[in-house]
Structures are given as structure tokens and as C-alpha cells.
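Below you'll find the structure, written out as C-alpha cells, and then a few comments.
Please read these numbers as outputs of a predicted model, since none were measured by experiment.
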Amino acid sequence: MYKFKFEDGETESVKNFDEFCNLIISKIELENVESCTSQQAFYKLRNSLVEEKVAVKDEIKLENKLEDLFPRKNRIELVKKVEKNIGFKLNILTPPAYVFYTLVLLSAVSFILLFIKFKYGILGGAISIFGFYSCAWFGKELKIKTLKDLVEKITSENYLEIRTQKNTVNKSELKKVITDWFAENACIEKEKLRTATFV
């Protein structure tokens, strides 16, 4: 996202996650502009919701529940319209938990069957792959609850796209954005991540 790379051995002296964040921020060679990206994300999201007639501007608040903004009946269609308008995926829909865990179990069983009954293993693997693919298209469950959660999510996942002034960052807020991104993608609680140390 920020187009940088670490030099050989550059991370060896990093002792904790805080220092790791500082190292990442020091590598970002974009102009520093002290403007709030979360606020810009909210306005951009609000405009998309209004333009796609998902909600009325005056009624859009950070406390709004996503299940109210995106009713289950036409949730997939509404989310796709907002995604097209805003210019990137929101990634807020998921299949029911029981479907997901059933597919995970099927994948594990299929892997074991590869060594016992190869054909059944291949068949099970193909079914589970098709299942995961279908879930991406037809999942209706919401991963997050409120509009505030969504603003934080799109800020951490689409930071540069959200910024009003292109090719700029606000370095004072980047540590939180990096922490949110790692917490989401590594499935680690934010508090544990902030206190993490490297051996």
C-alpha cells in the first residue's frame, strides 16, 4: 500500500511492535499533511450512502447499526452499489459461522483423504473450494456492527485511497492505522499487539 521495502538486517534491532510501527512510518516517503483521514473516510462513505439512496444524509451517524443501513433482504445488492460508488471493496459480508466452519472441516477431512482415498480427497477439496468461492458472493452476515467500525475498517484498509489530498499521509495517525491493519489481518487483539515484543 505504501510502496516501501526493508533493507537487509534493518528489522533486526526492532524490539517491540511500537518500534516496528515507527520503522514503517520512517520508510514512507509521502508528504505529511495533518488532516484526519477517519473524518475523510466518514464523509466519503456518507456521500456514497446518500448517492446510492441507502440512507438520508441527516440520519447518517457513526452510531448507526449496519444491519439497519443494509437490511438483510437486499444487503448484497446495497453493499455492491456502495462499493462501486466509493471505488473499493468494503469486505463486510461473510457467510453464517456454521457454513464457514463446515467448509473448514470439509477442507481438513479432504486433505487427510488425499493420503487415504485420493479421489475422495480431490472431490472434497473441490467442493470446499467452490463453497468458499460461493460464500464470497452470497454471504449475508455482517462482520462488523456499526458505521464507526466500518469507517475504522476502510481507513486502515484503504488509507491512501481515502485521503482527500492524494500522495499524502498524516504520520501522527499512522501508528493507529498500522495497528488496526495488523490486528485485522493477523487476528490479534489490538492491546496484545501494542504490547508485543520481539525476541
Is there a side-chain contact between [X] and [Y], using heavy atoms and a 4.5 Å cut-off?
X: Leu174; Y: Tyr159; result: yes
X: Glu19; Y: Asn16; result: yes
X: Val177; Y: Thr37; result: no
X: Arg75; Y: Arg72; result: yes
X: Lys15; Y: Thr197; result: no
X: Asn22; Y: Asp18; result: yes
X: Val169; Y: Val33; result: no
X: Thr146; Y: Val151; result: no

Heavy-atom pair with the smallest gap, counting every atom of [X] and [Y]:
X: Phe132; Y: Ser107; value: CE1-OG, 3.5 Å
X: Gly121; Y: Leu114; value: C-CD2, 3.8 Å
X: Leu93; Y: Lys143; value: O-CE, 3.7 Å
X: Lys192; Y: Ile188; value: CB-CG2, 4.1 Å
X: Ser35; Y: Asn170; value: O-ND2, 3.0 Å
X: Ile60; Y: Ala55; value: CG1-CB, 3.8 Å

Atom [atom1] of [X] with >12 non-hydrogen neighbours under 6.0 angstrom:
X: Lys171; atom1: NZ; answer: yes
X: Lys57; atom1: NZ; answer: no
X: Phe111; atom1: CZ; answer: no
X: Lys148; atom1: NZ; answer: no

Any side-chain donor near an acceptor of the partner, [X] and [Y], under 3.5 Å:
X: Ser38; Y: Glu152; value: no
X: Thr168; Y: Glu31; value: no
X: Asn32; Y: Glu34; value: yes

With hydrophobic residues grouped by side-chain heavy-atom distances under 4.5 Å, do [X] and [Y] end up in a single group?
X: Val54; Y: Leu62; value: yes
X: Phe88; Y: Leu142; value: yes
X: Ile178; Y: Leu160; value: yes
X: Ile122; Y: Phe115; value: yes
X: Val99; Y: Tyr101; value: yes

[atom1] of [X] to [atom2] of [Y]: how many Å apart, nearest 0.5 Å?
X: Asn158; Y: Ile86; atom1: CG; atom2: CD1; answer: 8.0 Å
X: Leu78; Y: Leu49; atom1: CG; atom2: CG; answer: 9.5 Å
X: Leu30; Y: Lys166; atom1: CG; atom2: NZ; answer: 12.0 Å
X: Glu141; Y: Tyr98; atom1: CD; atom2: OH; answer: 8.5 Å
X: Leu103; Y: Tyr133; atom1: CG; atom2: OH; answer: 15.0 Å
X: Lys44; Y: Asn47; atom1: NZ; atom2: CG; answer: 9.5 Å

Subject >> Leu90/Val82 under side chain to side chain contact (heavy atoms under 4.5 Å, CB included): CA gap, chis, key distance, verdict >> reply: CA-CA 8 Å; Leu90 299 178; Val82 172; 4.0 Å; yes

Subject >> Residue pair Lys80, Glu52: steps toward the side chain to side chain contact (heavy atoms under 4.5 Å, CB included) verdict >> reply: CA-CA 10 Å; Lys80 283 183 178 177; Glu52 296 303 329; over 6 Å; no

Original post:
Only one of Lys175, Lys153, Lys190 clears salt bridge (Lys or Arg N to Asp or Glu O under 4.0 Å) with Asp180; which?
Top reply: Lys190

Original post:
Do the side chain of Arg163 and the main chain of Cys36 share a donor and acceptor less than 3.5 angstrom apart?
Top reply: no

**OP:** Go through the steps for Tyr43 and Thr164 under the test side chain to side chain contact (heavy atoms under 4.5 Å, CB included), then give the verdict.
**Re:** CA-CA 10 Å; Tyr43 292 144; Thr164 304; over 6 Å; no

**OP:** Decide side chain to side chain contact (heavy atoms under 4.5 Å, CB included) for Glu157 and Asn91; before the verdict, give the C-alpha distance in whole Å, the side-chain angles of both, and the deciding distance to 0.1 Å.
**Re:** CA-CA 10 Å; Glu157 292 178 359; Asn91 297 316; 3.9 Å; yes

